[in-house]
Amino acid sequence: MELYIVDEREGVTQAPEVEESWQLMLEQLALACLEEVGHPLEETEISLVLTNDEKIRRLNAEYRNIDQPTDVLSFAMEEEGDDEADFDFDDPTAGKVLGDIIISVETAERQAQEYGHSLEREMGFLFVHGMLHLLGYDHCDEEQTSRMRAQEEKILKSQGLQREWT
């Protein structure tokens, strides 16, 4: 499993040990998500883009017709349109690119403060939420939402990131 992280935030620098810590946490969460749903780990690729509210607002407007910032967006490779490549996930020689997750760190920081928990917990939640979307989960109705929330909490708890206010 490969997780590629790109930080698009301008003027933000982190110490190498902080970057390594975040990379390790997110890789462990990605593995936990894949294992939980029984997705093969070999050759699976995910990209994560860390951005700000303005950039995620533009993406949200372009792809969802909602002209406001959001916390996380997911773009699954499985959801190909007419002009996109059709990836054969049953072909063991084909790359298993799940897709892209985009997180607004600005929104994550606000939400962590608002919910009274750590930025680590909030970023973990947003990443797991995005991963589950890439793996086919959704929250269009009450039953789907309940199922997705249960998976999110199970995965986060397995990594020591359970809710701090239960």
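Since we're looking at a predicted model, the values are computed, not measured. Counting from 1, the numbers follow the sequence of the chain as shown.
Counting heavy atoms of neighbouring residues, nucleotides and ligands inside a 6.0 Å radius, atom CD of Gln23 exceeds 12 of them. Residue-environment remark: CD (Glu142) stays at or below the threshold of 12 foreign heavy atoms within 6.0 Å.
Note that CE of Met77 is 12.5 Å distant from CD1 of Ile46, once rounded to the nearest 0.5 Å. Rounding to the nearest 0.5 angstrom, the gap separating the CD atom in Glu19 from the CG atom in Leu24 is 13.5 Å. Between the CE atom of Met1 and the OG1 atom of Thr44 there is a distance of 8.5 Å, given to the nearest 0.5 Å. With values rounded to the nearest 0.5 angstrom, Leu135 atom CG is found 6.0 Å from His39 atom NE2. One distance of note links CD1 of Ile155 with CD of Gln162; it measures 13.5 Å at 0.5 Å rounding. Here the straight-line distance linking atom CD of Gln28 with atom CG of Leu3 works out to 11.5 Å at 0.5 Å rounding.
Contact annotation: the side chain of Asp7 never approaches that of Thr51 to less than 4.5 Å [non-hydrogen atoms, C-beta and beyond]. Between Ile101 and Leu73 there is no side-chain heavy-atom pair separated by less than 4.5 Å. Looking only at side-chain heavy atoms (C-beta outward), Leu41 and Glu35 come within less than 4.5 Å of each other. Inter-residue side-chain proximity for Lys154 and Glu36 is flagged as met; some heavy-atom pair is nearer than 4.5 Å. Residues Asp71 and Gln111 have side chains in contact (heavy-atom distance under 4.5 Å, counting atoms from C-beta outward). Taking the side chain as every heavy atom from C-beta outward, Ile102 and Leu59 approach each other to under 4.5 Å. A heavy-atom distance below 4.5 Å is found between the side chains of Ile103 and Leu48. Taking the side chain as every heavy atom from C-beta outward, Gln144 and Tyr137 never approach each other to under 4.5 Å.
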* **Verdict with supporting geometry, Arg147 and Glu153, salt bridge (charged side-chain N to carboxylate O under 4.0 Å, His left out)** => CA-CA 10 Å; Arg147 182 173 163 246; Glu153 289 305 320; over 6 Å; no

* Show your working on side-chain contact (heavy atoms from CB on, under 4.5 Å) between Glu45 and Leu98 and close with a plain yes or no. => CA-CA 6 Å; Glu45 295 180 15; Leu98 283 183; over 6 Å; no

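Here the closest heavy-atom approach between residue Trp22 and residue Glu120 is recorded as CH2-CA, 3.6 Å. Met131 and Ala30 get closest at one heavy-atom pair: CE-O, 3.9 Å. Residue Ser104 comes nearest to Asn52 through the heavy atom pair OG-C, 3.5 Å, listed as atom of the first residue, atom of the second, then distance. Contact record, Ser118 with Ala112: O-CB, 3.7 Å, taken as the closest heavy-atom pair. Contact between Gln151 and Leu132 at its shortest, heavy atoms only, is CB-CD1, 3.8 Å. Pairing each heavy atom of Ser74 with each of Leu134, the nearest pair is CB-CD2, 4.0 Å.
Partner Val128 forms a side chain to side chain contact (heavy atoms under 4.5 Å, CB included) with one of Met123, Glu152, Met148 and no other, that one being Glu152.
No hydrogens or angles considered: nothing links the side chains of Glu122 and Tyr115 as a donor-acceptor pair under 3.5 Å. Checked by atom type, the side-chain pair Arg110/Thr107 shows a donor-acceptor distance below 3.5 Å. Donor-acceptor pairing under 3.5 Å is recorded for the side chains of Asp100 and Ser47.
Placement of Leu126 and Ile66 in two distinct hydrophobic clusters is found when ILVMFWY residues are connected by side-chain heavy-atom separations under 4.5 Å, directly or transitively.
At least one donor-acceptor pair closer than 3.5 Å links the side chain of Glu106 to the backbone N or O of Asp53. Without hydrogens or angle criteria, Lys55 side chain to Glu8 main chain gives a donor-acceptor distance under 3.5 Å. Not a single donor-acceptor pair under 3.5 Å links the side chain of Arg57 to the backbone N or O of Gln68.
Salt-bridge check for Glu54 with Arg58: passed, with a basic side-chain N closer than 4.0 Å to an acidic carboxylate O.
Ring geometry for His133 against His129 counts as perpendicular: the plane angle is over 60°, on a 0 to 90° scale with 30° as the lower cut.
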